[in-house]
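Presented below is the structure to which this report refers.
Positions are given from 1, in the same order as the sequence printed here.
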Amino acid sequence: MVPGAAPAIPGMFQNIFPLASGQFGGLPVMPVQAMTQQATRHARRVYVGGLSPSANEQTVATFFSHVMAAIGGNTAGPGDAVVNVYINHEKKFAFVEMRSVEEASNAMSLDGIIFEGAPVKVRRPSDYNPSLAAALGPSQPNPNLNLAAVGLTPGSAGGLEGPDRIFVGGLPYYFTEAQVRELLESFGALRGFDLVKDRETGNSKGYAFCVYQDLSVTDIACAALNGIKMGDKTLTVRRANQGQIQPNPEQESVLLHAQQQIALQRMMLQPGAIGTPPTKVLSLTQVVTEEELVNDEDYEDIMEDMKIECGKFGSLVNVVIPRPNPNGEPVAGVGKVFLEYADTESSTKARAGLNGRKFGGNQVVASFYPEDKFNEGVYDG
């Protein structure tokens with residue numbers, strides 16, 4: 001014994017910190033449960049990407065605990081499946097830690113689930129070690145999970161898997177499956193299509209997924225359809241798993257043709273537009289204010305801008321912008337712009353390109369105007 005040292009009391013430290021063989025310097029070991037948690041963390045965490053800016057740790061934890069319970073993915077007993085969430089707000093992703101390896105594997109089936117109005121990516125984290133994980137528990141989701149309970153129905157959607165799956169959000173609830181499919185098929189035949197519906201009511205939830213037979217049109221369809229105004233809604237269309245990808249230059253001509261093809265269908269799907277034939281004249285509202293039209297120079301600038309911008313869609317024959325009367329008497333059509341094109345093909349392209357665009361902070365409404373009224377100089381529509 002070292003001189004001056006207190007005599008050891010047999011069993012004292014062993015009772016406080018049960019010693020393991022090979023322990024360095026008699027230091028306490030990490031509790032077994034903590035060691036297990038640390039060793040399995042890479043297999044219990046899932047990466048969730050594409051989060052909205054408003055997402056926080058609590059909303060993510062609550063959401064994933066709820067959907068895990070809804071699909072029957074909880075295998076570690078009662079309580080929440082999620083034990084911890086770390087969010088990187090700048091890059092809009094999170095690491096969601098589950099209670100068990102099996103529950104983390106079940107969570108992998110949630111790829112593409114809608115969280116706060118947009119699909120999110122669910123992946124394994126970069127530190128996931130497949131060989132180590134294989135010894136810790138199941139590495140694949142349980143095939144009997146009730147994915148339909150949370151709007152994920154890959155089995156019945158006819159091939160709605162893979163990187164070319166498209167998310168179509170912002171659909172008006174009154175759209176039928178046939179109408180949505182017709183819009184999407186403007187770009188080609190579909191390999192898979194699923195309009196997500198409420199299980200109890202059977203009503204549309206306002207979003208769908210699809211996959212094209214010709215995968216080369218995937219990005220073209222996304223670029224052409226994304227941002228389109230449909231009634232009081234705006235479509236969000238992008239790859240479900242990879243975010244929005246812009247078409248390459250070689251696809252631009254195909255994209256332009258596709259936009260022209262869907263223009264008529266876009267109009268026909270607007271409420272009240274069924275059966276309304278296109279005309280060669282467009283009426284634009286919320287483009288200019290009465291104050292902007294008083295000064296002659298301002299008026300000429302606006303007129304020139306309209307001719308240049310609106311002439312990009314086809315042969316523009318005439319532009320009429322009614323001006324206010326200096327005497328203060330009301331003039332029909334003030335605040336509107338009327339465009340006359342040489343043919344309905346040009347006016348249709350113009351309506352598709354102008355409707356919903358922003359001018360001076362205002363969102364433009366473009367609609368066809370009766371040619372007979374325009375020719376008679378009547379601008380009260």
Side-chain angles (χ1 to χ4, degrees), residues 40-52 55 59-86 92-130 132-169 191-199 205 207-211 238-243:
T40 60
R41 179 164 287 129
H42 73 98
R44 290 187 296 104
R45 292 195 311 165
V46 296
Y47 166 91
V48 179
L51 294 173
S52 64
T59 58
V60 171
T62 301
F63 175 79
F64 277 91
S65 288
H66 173 75
V67 296
M68 283 291 289
I71 66 174
N74 287 7
T75 55
D80 294 336
V82 177
V83 296
N84 189 36
V85 175
Y86 164 77
K92 300 178 182 178
F93 73 84
F95 289 116
V96 179
E97 185 178 343
M98 299 292 179
R99 291 180 299 183
S100 69
V101 172
E102 186 174 359
E103 287 176 333
S105 294
N106 286 340
M108 296 306 296
S109 66
L110 298 172
D111 183 39
I113 195 167
I114 305 300
F115 174 67
E116 296 187 349
V120 293
K121 293 180 287 187
V122 180
R123 300 282 192 274
R124 294 290 190 184
S126 59
D127 66 347
Y128 179 71
N129 188 319
L132 285 178
L136 300 173
S139 57
Q140 297 297 323
N142 186 316
N144 299 317
L145 295 175
N146 183 14
L147 297 179
V150 293
L152 294 174
T153 53
S156 63
L160 280 176
E161 288 300 321
D164 294 287
R165 180 173 65 150
I166 295 175
F167 166 76
V168 184
R191 188 176 80 206
F193 170 74
D194 180 30
L195 177 63
V196 180
K197 298 177 181 178
D198 185 278
R199 291 186 72 202
K205 285 190 172 184
Y207 62 93
F209 294 94
C210 75
V211 174
R238 60 179 180 236
R239 286 177 183 259
N241 298 337
Q242 296 181 357

Side chain to side chain contact (heavy atoms under 4.5 Å, CB included) between Val196 and Phe209: does it pass, once the steps are laid out? CA-CA 8 Å; Val196 180; Phe209 294 94; 4.2 Å; yes
With a 4.5 Å cut-off on side-chain heavy atoms, are [Y] and [X] touching?
X      : Y      : result
Ser109 : Leu147 : yes
Ser139 : Tyr128 : yes
Met98  : Val83  : no

Using a strict 4.0 Å threshold on nitrogen-to-oxygen distance, state whether Asp111 and Lys121 make a salt bridge.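 Judged by the 4.0 Å cut-off on N to carboxylate O distance, Asp111 and Lys121 do not form a salt bridge.
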Atom of Ala61, atom of Val85 and distance for their closest heavy-atom approach: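 Result for this residue pair: CB-CG2, 3.8 Å.
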Give me the atom names and distance for the closest heavy-atom approach of Ala55 to Val60.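 Heavy atoms only, the tightest pair is CB-CG2, 4.3 Å.
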Please assess Asp80 against Arg99 for the test side chain to side chain contact (heavy atoms under 4.5 Å, CB included), listing each intermediate value before the final yes or no. CA-CA 8 Å; Asp80 294 336; Arg99 291 180 299 183; over 6 Å; no
Could I get the full list of salt bridge (Lys or Arg N to Asp or Glu O under 4.0 Å) partners for Arg124, not counting sequence neighbours?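 Here no residue qualifies.
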Nearest 0.5 angstrom please: [X] [atom1] to [Y] [atom2], how far?
X      : Y      : atom1 : atom2 : result
Phe167 : Ile114 : CZ    : CD1   : 4.0 Å
Tyr47  : Tyr86  : OH    : OH    : 11.5 Å
Leu110 : Phe63  : CG    : CZ    : 7.5 Å
Leu145 : Met108 : CG    : CE    : 12.5 Å
Phe64  : Ile113 : CZ    : CD1   : 6.5 Å
Ile166 : Phe193 : CD1   : CZ    : 11.5 Å

Centre of Phe95's six-membered ring, under 6.0 Å away, within 45 degrees of the axis: is that where NZ or CZ of Arg45 sits?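 Yes.
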Option among Glu102, His42, Arg44 that satisfies the side-chain contact (heavy atoms from CB on, under 4.5 Å) test with Leu136: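 Filter result, single survivor: His42.
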Donor-acceptor pair, [X] side chain versus [Y] backbone, under 3.5 Å?
X      : Y      : answer
Asn146 : Ile71  : no
Arg239 : Arg165 : no
Asn142 : Asn144 : yes
Ser65  : Thr62  : no
Ser100 : Glu103 : yes
Glu97  : Arg41  : no

Which is it for Leu51 and Phe115 under the side chain to side chain contact (heavy atoms under 4.5 Å, CB included) test, yes or no, and what are the steps along the way? CA-CA 8 Å; Leu51 294 173; Phe115 174 67; 3.8 Å; yes
